[in-house]
Amino acid sequence: MIHDNYGINEKGHLTVCGADTVSLADKYGTPLYILDEDLVRAKCREYKAAFEKYFPSGSRPFFASKALSYVGIYRIIADEGLGTDIVSPGELYTAIKAGFPTDNTCFHGNNKTDDDIEYGIRSGVGYFVVDCKEELYAVNDTAKRLGKVQKILLRLTPGIDPHTFAAVNTGRIDSKFGSSIDTGAAEEITKTALSLDGIKLCGYHCHIGSQIFESEPFCRAAGIMTQFSALIKKKYGYEAEIINLGGGFGVRYYDGQNEPDTDAFIKEISDTIRGVCEKNGMKFPVVFMEPGRSIVGAAGVTVYTVGSIKTIPGFRTYVSVDGGMPDNPRYALYASRYTAVIANKASEPCVDEYTIAGRCCESGDLIGEKMPLQRAERGDKLAVLVTGAYNYSMASNYNRIPKAPIVTVSGGIDKLTVKRESFEDLTHNEF
Ligand code: LLP
């Protein structure tokens with residue numbers, strides 16, 4: 001199996017965290033999201049341990065909750081002592097509802113509205129990650145009006161495209177996020193931030209991308225950000241306390257992908273920052289990072305029931321399931337590849353490659369193509385692996401399909417943590 005938390009029991013059924021996925025599907029219905037809480041906690045601890053080992057005190061991982069946002073996940077994250085990255089007032093509201101300590105949050109987004117800013121400041125958000133000058137002034141003015149001084153980080157673009165990294169090192173200057181170091185916008189906004197008294201500039205933030213499997217782009221970003229901090233110190237006498245390097249650690253979705261070794265990556269990043277600090281006579285800053293996918297990705301599995309199976313001779317065989325792009329839009333959006341298993345025949349060999357289709361009225365509604373599978377029949381349970389990140393959080397009600405529930409499993413024991421939407425829920429706000 002592609003991750004250690006997946007197994008096959010004596011009945012030949014797929015298990016997650018020791019729980020039988022077929023029994024869970026029978027108990028809760030399909031489609032069903034299953035989340036291995038023990039793995040989520042283990043991942044949190046893995047990051048925390050590496051941070052404690054290689055970064056100065058106060059450094060910590062923030063869970064990027066855009067990967068998975070519901071009340072229960074914030075409780076797990078708070079329990080593990082991580083911060084959380086929120087990107088909208090809706091995520092903030094959910095975190096608050098879970099009792100998450102708001103002073104341990106970073107509020108992101110390239111276009112926070114005035115209402116978002118006021119809600120964030122009133123709620124006691126730890127750090128606003130300020131995207132641009134307009135937002136800087138808006139945060140400053142709102143904080144002053146509320147009689148507060150808001151801590152901020154400035155979102156900068158270090159000019160790295162991790163996916164074409166070797167050839168291009170300025171590929172992301174045109175990103176919609178942040179202020180570019182290369183164009184001088186970053187220095188400009190820093191100078192302005194230092195002149196305002198409704199905010200306290202605590203440092204800098206960057207995020208270079210997602211699904212990154214090499215340490216080199218992270219180290220490169222860490223070097224550029226620390227170097228920028230050195231430049232600002234030299235020119236303006238301000239030394240950043242915090243550098244936040246965003247998320248992006250890759251996750252294995254199929255055989256052949258080599259996941260980053262968290263400890264080794266964090267050590268390399270730490271060595272890079274230390275090198276630049278020593279050269280420039282600076283203190284090693286507090287480091288934040290924001291892993292999302294790598295904390296919840298492998299913990300998630302989606303189970304469906306197989307419906308129709310259609311062979312078009314000479315072309316392909318469709319295996320249709322009772323979910324699809326409403327619960328997992330990632331193939332439709334990005335052609336993202338997954339691994340699937342017939343959960344009730346997990347110990348049988350794969351017999352062919354299939355196209356897994358969803359139930360929506362749209363030919364692009366696919367979960368994947370050329371997917372090796374055991375012989376599929378109507379009524380089988382089909383499990384798609386590694387769906388913990390960016391599935392539930394990106395789910396929709398397209399074709400008026402109610403959202404699937406989430407069942408968490410810990411120590412082999414299952415618990416319903418998000419209820420399946422009802423038809424009534426679908427029309428709840430409609431007159
Ligand atoms: N921090 C910031 C500022 C981000 O923008 C992101 C992701 C993260 C952290 C977390 O990155 P991660 O560790 O999860 O790679 N919907 C897409 C992914 C979009 C990611 C956007 N930002 C997908 O399904 O692949």
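Here, residue 1 is the first one in the sequence, and each next residue gets the next number. Counting convention: from 1, in listed order, for ligands and their atoms alike.
- More than 12 heavy atoms of other residues, nucleotides or ligands sit less than 6.0 Å from atom CG of Asp79.
- Within a 6.0 Å sphere centred on CG of Leu333, other residues, nucleotides and ligands contribute more than 12 heavy atoms.
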Could you check ligand 1 for N or O atoms lying under 3.5 Å from protein N or O atoms and list the pairs with distances?
residue	atom	partner	partner atom	Å
ligand 1	1 (N)	Asp85	OD2	3.3
ligand 1	1 (N)	Glu290	OE1	2.8
ligand 1	5 (O)	Lys66	NZ	3.4
ligand 1	13 (O)	Gly248	N	2.9
ligand 1	13 (O)	Gly292	N	2.9
ligand 1	14 (O)	Arg293	N	2.8
ligand 1	14 (O)	Tyr390	OH	2.7
ligand 1	15 (O)	Ser210	OG	2.3
ligand 1	15 (O)	Gly248	N	3.4
ligand 1	16 (N)	Tyr334	OH	2.9
ligand 1	24 (O)	Arg330	NE	2.6
ligand 1	25 (O)	Arg293	NH1	3.4
ligand 1	25 (O)	Arg293	NH2	2.9
ligand 1	25 (O)	Arg330	NE	3.4
ligand 1	25 (O)	Arg330	NH2	2.9

Walk me through it: do Glu290 and Arg155 pass the test salt bridge (Lys or Arg N to Asp or Glu O under 4.0 Å)? CA-CA 13 Å; Glu290 300 164 337; Arg155 172 132 189 189; over 6 Å; no
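- Using the six-membered ring where Trp is involved, Phe128 and Phe107 have ring planes that are tilted, between 30° and 60° apart.
- Around CG of Asp261, the count of heavy atoms belonging to other residues, nucleotides or ligands within 6.0 Å exceeds 12.
- Under the 3.5 Å distance criterion, with hydrogens and angles disregarded, a donor-acceptor pair is assigned to the side chains of Tyr47 and Ser294.
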